[in-house]
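A short write-up of the structure that comes next.
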There are 2 protein chains.
Amino acid sequence: MDIEQTKIPQATAKRLPLYYRFLNNLHTQGKLRVSSKELSDAVKVDSATIRRDFSYFGALGKKGYGYNVEYLLSFFRKTLDQDETTRVALIGVGNLGTAFLNYNFTKNNNTKIEIAFDANDERVGSEVGGVGVEHINDLEEKLGDISVAILTVPSSAAQGIADRLVNAGISGILNFTPARISVPSNVRVHHIDLAIELQALVYFLKHYPLNEGEVEEDQ
Amino acid sequence: MDIEQTKIPQATAKRLPLYYRFLNNLHTQGKLRVSSKELSDAVKVDSATIRRDFSYFGALGKKGYGYNVEYLLSFFRKTLDQDETTRVALIGVGNLGTAFLNYNFTKNNNTKIEIAFDANDERVGSEVGGVGVEHINDLEEKLGDISVAILTVPSSAAQGIADRLVNAGISGILNFTPARISVPSNVRVHHIDLAIELQALVYFLKHYPLNEGEVEEDQ
DNA sequence: CGGAAGTCGTTAAAGATTTCACATACTTCA
DNA sequence: TGAAGTATGTGAAATCTTTAACGACTTCCG
Ligand SMILES: NC(=O)c1ccc[n+]([C@@H]2O[C@H](COP(=O)([O-])OP(=O)(O)OC[C@H]3O[C@@H](n4cnc5c(N)ncnc54)[C@H](O)[C@@H]3O)[C@@H](O)[C@H]2O)c1
Ligand SMILES: NC(=O)c1ccc[n+]([C@@H]2O[C@H](COP(=O)([O-])OP(=O)(O)OC[C@H]3O[C@@H](n4cnc5c(N)ncnc54)[C@H](O)[C@@H]3O)[C@@H](O)[C@H]2O)c1
C-alpha cells in the first residue's frame, strides 16, 4: 500500500472526501472531463487551492485539458480507501443517534454503522435503521475489532464512555457531545459541536458583516 | 455598541463560544479564578493560544493571578451578545431536524429555534420540541424578520429552499445538506457536512497514525 | 517584609494555508 | 500543420495561525 505518501497537509486531507463526492456526481452525470475551475464552482473552493491539493498526489491532470473524471475518481477511490468499508459503532441512541442510524451515511461512502449501544433498557434489543441496539454493559464484549465510534450520549456520560471505548481498543471517536474528552495520545478525537457552530455563525453575522461585493466562505 | 473592534481573527472567533461555555461551567461550579493553563486543559486548546485569543479584546487578566471568572464571563456575555436571543428557523423536519428541535440548543445559549417548516402535510401543524411546524409554502409569509436558518432538507431541495430564504431576507444559513449551495455574497453559509467529517476521521486514522507520544488534535 | 512561585500579555519566530501569476504543454480547429 | 485557446502545476508571495519564550507584575507564604 502507499505508505507515507510524504504527508498531505491536513487542510487538504479534509477536503478530499468533498472532492470525491463531487467527482462521483460528475461521473454519474456522465461527464468525462472537468477543470479545476468547474470543480471550484461546485465545491466552493478556490481553483488554485484545488490544483494545489491535487498536485500533492502528483500530476493527475493534463495541461490544456483538465482532469479525466474517471481517472481522478478511481485515483481518489484508492486514496480514500473507498473499497474497504470501515465499521463504526454508535453510542447513545437518542435524538441525534437515532437520526444518524436512520441515515447511516449510506450513499457513496466507505463507512457503515454496524452496531449501536444505549443504556436505556427500552431501546436495547430493538433495531434502528437496520442496526441492532445493544446494552452499554456489553460494550467491551460486543465491540469486536471496530475502530471508530460516534458518540451521542449525554455529555455527562461522555468521558466515562470514552474511557471504556479506549480500553476496548478504539482508534477514533467522532464526538458530538459538548464535553471535551481526554484520551491517550494514540486515539484521535474529532469534535463536532453543533451548538458552537450555531453560535459562531451568529457571531460572524453580527461582527463580520459581508459586503455586497465579497464572496462568502464556509465552515 | 462596540463597532469595529479591529477584527478578531476568524480562528479566534470560532473558539469564543467554546470559551464562553466552559467559563459558564466554572462559574456554576463557584470558581472565582482561572488560569489559561486550567482553561487549556478543559477545552484542549494551547494555553498560549488562549492568552493570545483573550488579548485581542484587551488585558482581561491579571499577571500572577489569572482571570476573574465572573468578569471574564460577563465580558464574553456582552461580546457574544448572549443577552439578546437570536431567533432561528429550521427547514426540514426529518430525522436530523427533529433531533435539533427536540434539543433546541437550550442550555446557556443565545439562540432559539422559533419556527419550523416542512413540505410533508402530515407534519405540518404538529409541534416538535415545542416548536410549531408550518408548511413550506408559507415560508416567506411566516418567516418574519428571522435572520438565521438551519437547513435540514434533502439535498435535492437545498438550493431551491436557499434561494427562497435569501429572497425572504435571511442573513445566515447553517447547511447540513451535502449540497454546496450558492447564495449572494451578503449571505453567510456555514456547511456542516457530517458524512465528510466521518470520512475525514477515517482518512486521518489510516494516513496520519498517532504516536504514543503525540497529542491528539480536534476538528 | 522579602523572596519564590505563578501567570499574564506580547514580541518574535515558526508553521500552515491560501492565493497569485505564469511558463509550459496540451487541445482544438481551420 | 500551425495558430489560438485552454488549463495545469508550481515557485513565490501573501496571509493567517500557532507556538515558544520571557519581561513584568501579582500573589502567596513563611
Ligand atoms: N440533539 C441535538 O440536536 C444535539 C445538538 C447538539 C449537541 N447534542 C449533544 O449530543 C448528545 C446527544 O444528544 P441527544 O439529543 O441525542 O440526547 P438524548 O438524551 O436524546 O440521547 C442520549 C442517549 O444516550 C443514552 N445514554 C445515556 N447514558 C448512556 C450511557 N452511559 N451509555 C450509553 N448510552 C447512554 C440515553 O439512553 C439516550 O438514548 C448530547 O451530548 C447533546 O448535548 C445534541
Ligand atoms: N440524518 C443524518 O444523520 C444526516 C447525516 C448527514 C447529512 N444529512 C443531511 O441532512 C439532510 C436531512 O437529513 P434527514 O435524515 O433529516 O432527512 P429526512 O428525509 O429525514 O428529512 C428531510 C425532511 O425535509 C422535508 N422536506 C423535503 N422537501 C422539502 C422542501 N422542499 N421544503 C421543506 N421541507 C422539505 C421532508 O418532508 C423531511 O421531513 C439531508 O440533506 C441529509 O443528506 C443527514
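For the numbers below, each heavy atom of this structure counts, side chains included, while hydrogens, waters and symmetry mates do not. Residue numbers begin at 1 in each chain, while the letters A, B, ... track the order of the sequences.
- Side-chain to base pairing of B:R52 with D:dT19: one donor and one acceptor N or O lie within less than 3.5 Å of each other.
- The distance between atom OH of B:Y56 and atom P of C:dT10, rounded to the nearest whole Å, is 11 Å.
- Side-chain polar atoms of A:Q29 and A:N25 form no donor-acceptor pair below 3.5 angstrom.
- Side-chain contact annotation: B:N95 with A:Y103, donor-acceptor N/O pair under 3.5 Å absent.
- For A:K62, the side-chain atoms get nearest to C:dT27 when compared with the rest of D:dT27, C:dT19, C:dT27.
- Separating the CG atom of A:D46 from the P atom of C:dA16 is a distance of 21 Å, rounded to the nearest angstrom.
- Whole-Å rounding puts the B:K37 NZ to D:dT19 C1' distance at 15 Å.
- Look at CG on B:L32: it is 14 Å from P on D:dT27, rounded to the nearest Å.
- Under the 6.0 Å cut-off for aromatic ring centres, B:Y67 and B:F75 do not qualify, their centroids lying 6.0 Å or more apart.
- The side chain of B:Y65 approaches D:dT27 more closely than any other nucleotide in the set D:dT10, D:dT27, D:dA20.
- One interatomic measurement links the two molecules: CZ of A:R33 to C1' of C:dT27, which rounds to 8 Å at whole-angstrom precision.
- Distances were taken from every side-chain heavy atom of A:A48 (C-beta onward) to each of D:dG9, C:dC26, C:dC20; the shortest belongs to C:dC20.
- If you check every strand for non-hydrogen atoms under 4.0 Å, A:Y67 touches sugar and phosphate atoms only.
- Straight-line distance from the NZ atom of A:K63 to the P atom of C:dT27: 12 Å, rounded to whole Å.
- Between the P atom of C:dT17 and the NZ atom of A:K7 lies a distance of 12 Å, rounded to the nearest Å.
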Practice task
Before giving the answer on salt bridge (Lys or Arg N to Asp or Glu O under 4.0 Å), spell out for A:E197 and B:K14 the whole-Å C-alpha distance, their side-chain angles and the decisive distance to 0.1 Å.
Solution key: CA-CA 8 Å; A:E197 300 286 347; B:K14 285 199 217 163; over 6 Å; no
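- Side-chain atoms of A:S36 lie closest to D:dT8 of the nucleotides C:dT19, D:dT8, C:dC8.
- Residue B:S47 is classed as having no contact, given no heavy-atom separation below 4.0 Å to the nucleic acid.
- A donor atom on one side chain and an acceptor atom on the other are not found under 3.5 Å apart for B:N110 and B:T86.
- Side-chain proximity of B:T49 to the nucleotides D:dT18, C:dT17, C:dT19 is greatest for D:dT18.
- Among the nucleotides D:dT17, C:dT28, D:dG11, the one closest to the side chain of B:P9 is D:dT17.
- At whole-Å resolution of the value, CZ in A:R51 and C1' in C:dC20 are 10 Å apart.
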